[in-house]
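Below is one structure; the comments refer to it alone.
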Amino acid sequence: MVQPNFELNKYFGKWYEIEKLPASFEKGKCIEANYALRPDNTVQVTNVQTYKGKISKVEGTAITQDPREPAKLGVSFSYFSPYAPYWVLSTDYNSTALVYSCTDVLRLFHVDYAWILSRSRILPAEVIYHAKENLSRNNIDVSKMFRTDQQGCDSAL
């Protein structure tokens, strides 16, 4: 289940990664994402992280694939790669968001991704606990989730 009556314009802005399932493309700290509307009505996705003392930034594009399900976005970080699912499972737009994605590799195995995002670099433990409960209700295995290091980030970025 995704966020009912999702309003993309309220989702725009900066989100900080609080916890996630392991993702090979995210190994750093101070991970954040910024979402903004482009003139062509696609969404500019800018991901920033600090890895080994260096700031890296990658820009991608998100689109609403079906207007009847606006919380199910597709995102791509390369002109040559297909859009991957980016599903907003729930959000209050002002403090937290739960996001899910998955991929099948050569139809041999399936990889799930999940993120707990926040508008601030820190979330209370109770909020994280309830977020994980919500993910579990969506049949997402949260046992491998781990915290993203958001310490000392504002000075680095």
Side-chain angles (χ1 to χ4, degrees), residues 1-49 57-78 81-105 109-150 153 157:
M1 297 289 295
V2 294
Q3 173 84 18
N5 305 311
F6 180 70
E7 296 179 56
L8 184 58
N9 63 322
K10 289 184 177 181
Y11 192 76
F12 292 150
K14 188 176 290 189
W15 289 94
Y16 299 99
E17 185 181 277
I18 302 300
E19 288 203 17
K20 67 174 169 248
L21 286 176
S24 61
F25 48 87
E26 292 182 330
K27 294 183 186 275
K29 62 180 267 179
C30 305
I31 299 173
E32 59 186 65
N34 194 25
Y35 303 89
L37 187 64
R38 288 192 180 118
D40 67 358
N41 284 328
T42 63
V43 177
Q44 176 181 320
V45 181
T46 307
N47 289 346
V48 180
Q49 68 177 330
K57 184 187 287 191
V58 62
E59 188 175 304
T61 299
I63 59 168
T64 301
Q65 295 180 303
D66 181 345
R68 294 168 297 175
E69 293 186 292
K72 290 184 175 181
L73 299 161
V75 67
S76 175
F77 288 94
S78 166
S81 67
Y83 285 96
Y86 181 98
W87 292 4
V88 180
L89 302 181
S90 75
T91 185
D92 62 6
Y93 303 102
N94 299 315
S95 63
T96 59
L98 302 179
V99 176
Y100 171 78
S101 183
C102 64
T103 186
D104 289 309
V105 180
F109 60 95
H110 179 85
V111 180
D112 285 320
Y113 302 102
W115 296 270
I116 300 171
L117 305 177
S118 174
R119 292 290 191 184
S120 62
R121 290 195 187 277
I122 300 168
L123 269 182
E126 179 181 318
V127 175
I128 294 171
Y129 174 82
H130 289 298
K132 286 182 174 180
E133 280 186 328
N134 189 331
L135 291 169
S136 293
R137 281 194 301 275
N138 278 285
N139 297 315
I140 297 167
D141 180 5
V142 298
S143 67
K144 291 185 175 79
M145 288 192 93
F146 64 96
R147 188 175 304 265
T148 299
D149 184 357
Q150 292 286 357
C153 298
L157 303 176

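Worth saying up front: this structure is predicted, and the values here are computed from it rather than measured.
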(request) Mark yes when over 12 heavy atoms from residues, nucleotides or ligands other than E126 sit less than 6.0 Å from its CD; otherwise mark no. (result) no
(request) Please name the pair of heavy atoms, one in P70 and one in P67, separated by the smallest distance, quoted to 0.1 Å. (result) CD-O, 3.6 Å
(message) Quick check against the 3.5 Å criterion: does T91 have a side-chain atom that pairs as donor or acceptor with the backbone of T96?
(response) yes
(message) Just verifying a value: how many Å separate L8 CG and Q3 CD, rounded to the nearest 0.5 Å?
(response) 12.0 Å
(request) Answer yes or no: is there a side-chain heavy-atom contact under 4.5 Å between V99 and L117? (result) yes
(request) Identify which one of E17, E32, K29 satisfies the side chain to side chain donor-acceptor pair (under 3.5 Å) criterion when paired with T148. (result) E17
(request) State the CG-CG distance between D112 and D141, to the nearest 0.5 angstrom. (result) 8.5 Å
(request) Report yes if the side chains of I116 and L135 come closer than 4.5 Å at any heavy-atom pair, otherwise no. (result) yes
(message) Can you give me the closest heavy-atom contact between S120 and I18, atom names plus distance?
(response) O-CD1, 3.6 Å
(request) State whether D66 and R68 are salt-bridged, where the test is any N-O pair (Lys NZ or Arg NE/NH1/NH2 against Asp/Glu carboxylate O) under 4.0 Å. (result) yes
(request) For the residue pair Y83 and S76, establish whether any side-chain heavy-atom pair is separated by less than 4.5 Å. (result) yes
(request) Decide yes or no for Y93 and F12: does some side-chain heavy atom of the first lie under 4.5 Å from some side-chain heavy atom of the second? (result) no
(request) Could you tell me which non-hydrogen atom of R119 sits nearest to which non-hydrogen atom of Y11, and how far apart they are? (result) NH2-O, 3.3 Å
(message) Can you give me the closest heavy-atom contact between R147 and E19, atom names plus distance?
(response) CA-CG, 3.6 Å
(request) Using modelled atom types only, decide if a donor and an acceptor are shared between the side chain of T46 and the backbone of E59 within a distance under 3.5 Å. (result) no
(message) If I compare all heavy atoms of Y16 with all of Q150, which pair ends up nearest, and what's the gap?
(response) CB-NE2, 4.0 Å
(request) Answer yes or no on whether K72 is positioned over the face of W87, meaning its NZ or CZ is under 6.0 Å from the six-membered ring centre and within 45° of the axis. (result) yes
(request) Return the minimal non-hydrogen interatomic distance between Y100 and Y113, and the atom names on each side. (result) CD1-O, 3.3 Å
(request) State, with a plain yes or no, whether a side-chain heavy atom of I140 is found less than 4.5 Å away from one of L98. (result) no
